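Worth knowing before you read on, the calculation uses all heavy atoms, side chains too, and leaves out hydrogens, waters and symmetry mates. Everything numeric in this text was worked out from a predicted model, so none of it was measured. Below, chains carry the letters A, B, ... as their sequence lines are ordered, and counting in each starts from 1.
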Protein chains: 2
Amino acid sequence: MTADTLTPAARRILDTASELFYHRGIGAVGVDLIAAEAGVTKKTIYDRFGSKERLIVAYLRERDARWRAVVERHLAAAPGHREAVIAVFDALEEWTRSDGERGCALVNAAAELSAPAHPVRALAVEEKQWLLGRFTALREAAGAPDPEGDAVELLLLHEGAAVMHGVGEVHAAIDRARLAARRLVEQG
Amino acid sequence: MTADTLTPAARRILDTASELFYHRGIGAVGVDLIAAEAGVTKKTIYDRFGSKERLIVAYLRERDARWRAVVERHLAAAPGHREAVIAVFDALEEWTRSDGERGCALVNAAAELSAPAHPVRALAVEEKQWLLGRFTALREAAGAPDPEGDAVELLLLHEGAAVMHGVGEVHAAIDRARLAARRLVEQG
DNA sequence: CTGGAAGTATACCGACCTGTATAGCTAGGG
DNA sequence: CCCTAGCTATACAGGTCGGTATACTTCCAG
C-alpha cells in the first residue's frame with residue numbers, strides 16, 4: 001500500500017476528495033472545488049495524482065480498504081463461524097453510523113461511471129466478490145449444506161440494506177438484514 | 001398521466017433520453033446528444049420539457065410506471081397471497097431481461113443526484129415505499145405474524161438482487177432472492 | 001384562408017470542466 | 001552551498017455544459 005507514503009498535501013487532497021465525492025457524487029465535484037477545500041493548488045493535485053480518474057480510484061481504493069478493515073475487526077472478534085456472519089452486519093451498522101448515509105461508494109461510483117471498461121467497475125466487482133468469498137468460507141466452516149447459496153443470499157441482504165439506508169425512509173433496514181442473517185445461520 | 005398527450009417529437013425525445021440516461025448515466029448524457037440521437041433540435045426539447053431536470057423526472061416517472069405495470073400484471077396472475085410475493089421476483093426477472101443490466105434507474109439516479117431536496121430522491125423513496133406497501137399487504141393477507149418485518153426483508157432481497165445484477169459477476173442473484181423469498185413465505 | 005402549434009436550422013451565451021504552463025518560494029540533505 | 005522535492009500563485013487553453021435567440025417551414029383546424 002502506498003497510503004502512508006503520501007505527502008501532507010496529498011493526504012489532505014485525498015481526505016477532502018473522499019468527503020466530497022462520497023456525499024455529493026463524483027460527477028458533481030470538480031477538481032477546482034477539491035483544490036479550494038483542501039487548501040491546495042490544482043497543480044499539486046495533478047502532480048500527486050495525475051488525473052481526476054486516478055484520484056477517484058485512489059479514493060475508492062482507500063475507502064474500500066478502511067471498510068474491509070472494519071469487517072475484519074468484527075470478524076476477528078466473533079466467537080464462532082455463525083456469529084461471524086452476524087458480525088458483518090454489525091460492521092455495516094458501525095460503518096454507516098460513522099461514515100455516511102449515502103450507501104456503498106463503489107456501487108454509487110459504478111452507477112455514475114457506466115462504461116464497462118472503467119476501472120471503478122472492476123473495483124466494485126472485486127469488493128463484492130471478496131465479501132461473497134468471506135460469507136462462503138464462513139458457511140463452509142459452519143458445515144452448511146449450500147455455502148455458496150447462503151453466501152449469495154447474505155450478500156443480497158447486505159447490499160439491499162446498504163442501498164435502502166442510502167435512499168432513506170425505510171426504517172431499520174440494517175437491523176432487519178441482520179435479523180434475516182441470524183435466522184439463516186441458526187436454522188440453515 | 002400525460003404520457004399519451006406527447007407530440008411525436010416529444011415521444012422520440014423521451015424514448016431516446018430513457019435509453020441514454022439508463023445505460024450511460026444521467027450526468028454522462030448531454031442535451032445535445034439526446035437531440036442528435038432523437039433527430040430533433042434542442043429547441044424542441046426545451047419547448048416540450050422545459051429543462052433537463054424535468055426531462056429526467058419525466059424519464060424516471062415513465063419508467064417507474066412501466067415497472068409498476070409489470071409488477072401488477074404478475075401480481076394479478078398469482079393464485080394466492082404467498083405466490084404473489086414470489087411473483088414480484090418473477091416480475092424483476094422479466095424486467096431486467098427485457099430492459100437492462102444496470103439495476104434500478106431510480107437508485108442510480110439518486111446516487112448521481114445527491115442533493116437531499118432533489119425531486120428524484122422523492123421519486124425513489126416513493127417507489128420503494130410503494131413496493132414495501134405491496135409486500136406488507138400480501139403478508140398481512142397471508143396471516144403472517146409480522147407483515148412489516150417480512151416486507152422489509154423482501155424489499156432488501158429485491159433491492160440487493162437489482163444492485164448485484166447491476167454490478168454483475170454475481171451469478172443468479174435474482175434466482176437466489178426468489179428462493180429466499182419462497183422460503184420466507186412458506187415457513188413464516 | 002388564416003393563425004397558431006409543432007417543427008427545423010443555426011448561431012450564440014456564460015459558466016464550468018479537466019488539464020497545462022510559467023514563475024517563484026521554502027526547507028532539508030548531499 | 002546548492003539542488004531538488006514539495007509546494008503556492010496565477011493564468012490560460014480547449015472543450016462541453018445547460019439554456020436562449022432568431023428566423024423559417026409545415027400543416028391542420030376554426
Enquirer: Measure from the side chain of Thr7(A), starting at C-beta and using heavy atoms only, and say which of dC7(D), dG7(C), dG18(D) lies closest.
Expert: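 When the side chain of Thr7(A) is considered, dC7(D) is the closest of dC7(D), dG7(C), dG18(D).
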Enquirer: Picking from dT8(D), dT18(C), dG18(D), which would you name as closest to the side chain of Val31(A)?
Expert: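 Comparing dT8(D), dT18(C), dG18(D) against the side chain of Val31(A), the answer is dT18(C).
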Enquirer: Of the nucleotides dT20(C), dC7(D), dA23(D), which has the atom closest to the Lys43(B) side chain?
Expert: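 The closest nucleotide is dA23(D).
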Enquirer: With a non-hydrogen cut-off below 4.0 angstrom, is Gly27(B) in contact with a base, only sugar-phosphate, or nothing?
Expert: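 It contacts nothing in the nucleic acid.
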Enquirer: Does a side-chain N or O from Thr44(B) land closer than 4.0 Å to OP1 or OP2 of dT8(C), or not?
Expert: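 Yes, Thr44(B) has a side-chain N/O under 4.0 Å of OP1/OP2 on dT8(C).
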Enquirer: Using a strict cut-off of less than 4.0 Å between a Lys/Arg side-chain nitrogen and an Asp/Glu carboxylate oxygen, indicate whether Glu62(B) and Arg11(B) qualify as a salt bridge.
Expert: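 Salt bridge between Glu62(B) and Arg11(B), a charged N being under 4.0 Å from a carboxylate O: yes.
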Enquirer: Can you figure out which of dT8(C), dG19(D), dA6(C) approaches the side chain of Arg48(B) most closely?
Expert: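 Ranking dT8(C), dG19(D), dA6(C) by closest atom to the Arg48(B) side chain puts dA6(C) first.
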Enquirer: Under a 3.5 Å cutoff, is there a donor and acceptor pairing between the side chains of Glu140(A) and His81(A)?
Expert: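 Checked: Glu140(A)/His81(A) side chains show no N/O donor-acceptor pair below 3.5 Å.
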Enquirer: Could you please name the option among dG19(D), dT20(C), dT8(C) that lies closest to any side-chain atom of Tyr46(B)?
Expert: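 Within the option list, the nearest is dG19(D).
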Enquirer: Ring centres under 6.0 Å, that's the criterion: do His74(A) and Trp67(A) meet it?
Expert: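 For His74(A) and Trp67(A), the ring centres are not under 6.0 Å apart.
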Enquirer: Write down the distance between CD1 (Ile13(A)) and P (dT18(C)), rounded to a whole number of angstrom.
Expert: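 Roughly 14 Å, once rounded to whole Å.
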Enquirer: Out of the candidates Thr7(A), Leu6(A), Thr44(A), only one should pair with Ile13(A) under the side-chain contact (heavy atoms from CB on, under 4.5 Å) rule; please name it.
Expert: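 Option passing the side-chain contact (heavy atoms from CB on, under 4.5 Å) with Ile13(A): Thr44(A).
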Enquirer: When only distance counts, do a donor and an acceptor, one from the side chain of Lys52(B) and one from the base of dG19(D), lie under 3.5 Å apart?
Expert: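 No such pair is found, so the answer is no.
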